[in-house]
Amino acid sequence: RINYIVYDNDAGINEVISPNIAFCSGPKAIKVQIGNYGKNEIDSIKIGCLINGGNYQVYKWKGKIKTNFSDTVTIGTFDFSAGVDTIKTWTFNPNGQTDSFPPNDTATNIITVNPLPSPNAGGNQSICNGNTYALGISSIKGHLYSWRSYPSGFSSTISTPTVSPT
């Protein structure tokens, strides 16, 4: 026989939903999934967030989460610089009370933040009728490409599209 202990006020971070994969530097919303592991319905939680061991911020959540249910919460936005970043989030004071079981309060993500790409379509080129020219450089993993002409008429999402005069 297995006996389970169900605590009165027990909340925690199930996961850091975003950011959770590599992305380019700049502002990014921080989203977490909070869960209710206790027997009391939760109507308020404080959520702490610490990025790279710097100053931490507290988000005050209000709502309703029944036992064994969860909610997704955007707790703020952070302007990420290129590098490897650690995002640590945790819950405390569910229902204004001390959390009954702190070991399940915290979730941490370590993410890679890529520098913004430097766009370079190359210098001005004269292209004779019947000839083509390849724009850009070789594809870089994790980068997305978007080319559009002015005036309109050409678009591409590959790293090195080929163009020709019409």
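- Distance check, rounded to the nearest 0.5 Å: OG of Ser146 to CG of Leu144 gives 9.0 Å.
- Using a distance-only test at 3.5 Å, with no hydrogens or angles considered, no donor-acceptor pair links the side chain of Ser139 to the main chain of Ser159.
- Expressed to the nearest 0.5 Å, how far CZ of Phe69 lies from CG of Asn36 amounts to 10.0 Å.
- No side-chain heavy atom of Thr98 sits under 4.5 Å from any side-chain heavy atom of Phe92.
- A continuous path of Ile, Leu, Val, Met, Phe, Trp and Tyr side chains, each step under 4.5 Å between heavy atoms, connects Val73 with Ile65, placing both in one hydrophobic cluster.
- The neighbour count for Gln57 CD, taken as heavy atoms of other residues, nucleotides or ligands under 6.0 Å away, does not exceed 12.
- Side-chain atoms of Asn14 and Gln33 form a donor-acceptor pair, as typed in the model, at a separation below 3.5 Å.
- When all heavy atoms of Asp43 and Lys64 are compared, the closest pair comes out as CB-NZ, 3.9 Å.
- Put simply, NZ on Lys60 and CD1 on Ile47 are 12.5 Å apart, with the number rounded to the nearest 0.5 Å.
- The main-chain N or O of Gly76 is never found under 3.5 Å from a side-chain atom of Thr74 such that the two would form a donor-acceptor pair.
- Closest approach of Thr91 and Gly12 over heavy atoms only: OG1-CA, 3.3 Å.
- Put simply, Val32 and Ile51 are part of the same group of oily side chains (I, L, V, M, F, W, Y) that touch within less than 4.5 Å, one to the next.
- Annotation for Cys49 and Ile75: closest pair CB-CD1, 3.8 Å, computed over non-hydrogen atoms.
- Counted within 6.0 Å of CG on Asn55, heavy atoms from surrounding residues, nucleotides or ligands total 12 or fewer; the atom is thus considered open.
- Looking at Ile111 and Ile21, their side chains never come closer than 4.5 Å, going by heavy atoms from C-beta outward.
- Between Gly96 and Ser44 the shortest heavy-atom distance is N-OG, 3.8 Å.
- Note that OG of Ser156 is 8.5 Å distant from CH2 of Trp147, once rounded to the nearest 0.5 Å.
- Smallest separation of non-hydrogen atoms from Pro94 and Ala11: CB-CB, 3.9 Å.
- Remark: side-chain polar atoms of Ser70 are not paired, donor with acceptor, to backbone N or O of Gly35 under 3.5 angstrom.
- Relative ring orientation between Trp90 and Tyr56 is described as tilted, the plane-to-plane angle lying within the 30° to 60° band.
- Stacking of Lys28 on the aromatic ring of Phe23 is recorded, both the 6.0 Å distance cut-off and the 45° axial limit being met.
- A donor-acceptor pair is defined here as one N or O able to donate and one able to accept, closer than 3.5 Å; no such pair exists between the side chain of Ser100 and the backbone of Tyr7.
- Using modelled atom types and a 3.5 Å distance limit, the side chains of Asn20 and Asn109 yield no donor-acceptor pair.
- Taking CZ of Phe80 as the start and CG of Asn52 as the end, the distance is 8.0 Å to the nearest 0.5 Å.
- Judged purely by distance below 3.5 Å, without hydrogens or angles, the side chains of Asp99 and Asn9 never pair a donor atom with an acceptor atom.
- The cluster map of Ile, Leu, Val, Met, Phe, Trp and Tyr, joined by side-chain heavy atoms under 4.5 Å apart, puts Ile30 and Leu50 in different clusters.
- Criterion: ILVMFWY side-chain heavy atoms under 4.5 Å apart, direct or through other members. Under it, Ile17 and Ile87 are not part of a common hydrophobic cluster.
- Counting heavy atoms from C-beta on, the side chains of Thr106 and Lys88 come closer than 4.5 Å.
- Between Val84 and Ile110, the closest heavy-atom pair is CG1-CG2, 3.6 Å.
- Hydrophobic clustering of Ile, Leu, Val, Met, Phe, Trp and Tyr side chains at less than 4.5 Å, counting indirect connections, unites Phe78 with Ile13.
- At least one side-chain heavy atom of Leu135 sits less than 4.5 Å from a side-chain heavy atom of Val163.
- When atom types are taken as modelled, the side chain of Asp8 and the backbone of Asn40 share no donor-acceptor pair closer than 3.5 angstrom.
- With rounding to the nearest 0.5 Å, the separation of NZ in Lys62 from NZ in Lys46 is 9.0 Å.
- Side-chain atoms of Tyr133 and Thr162, non-hydrogen and from C-beta on, never get closer than 4.5 Å to each other.
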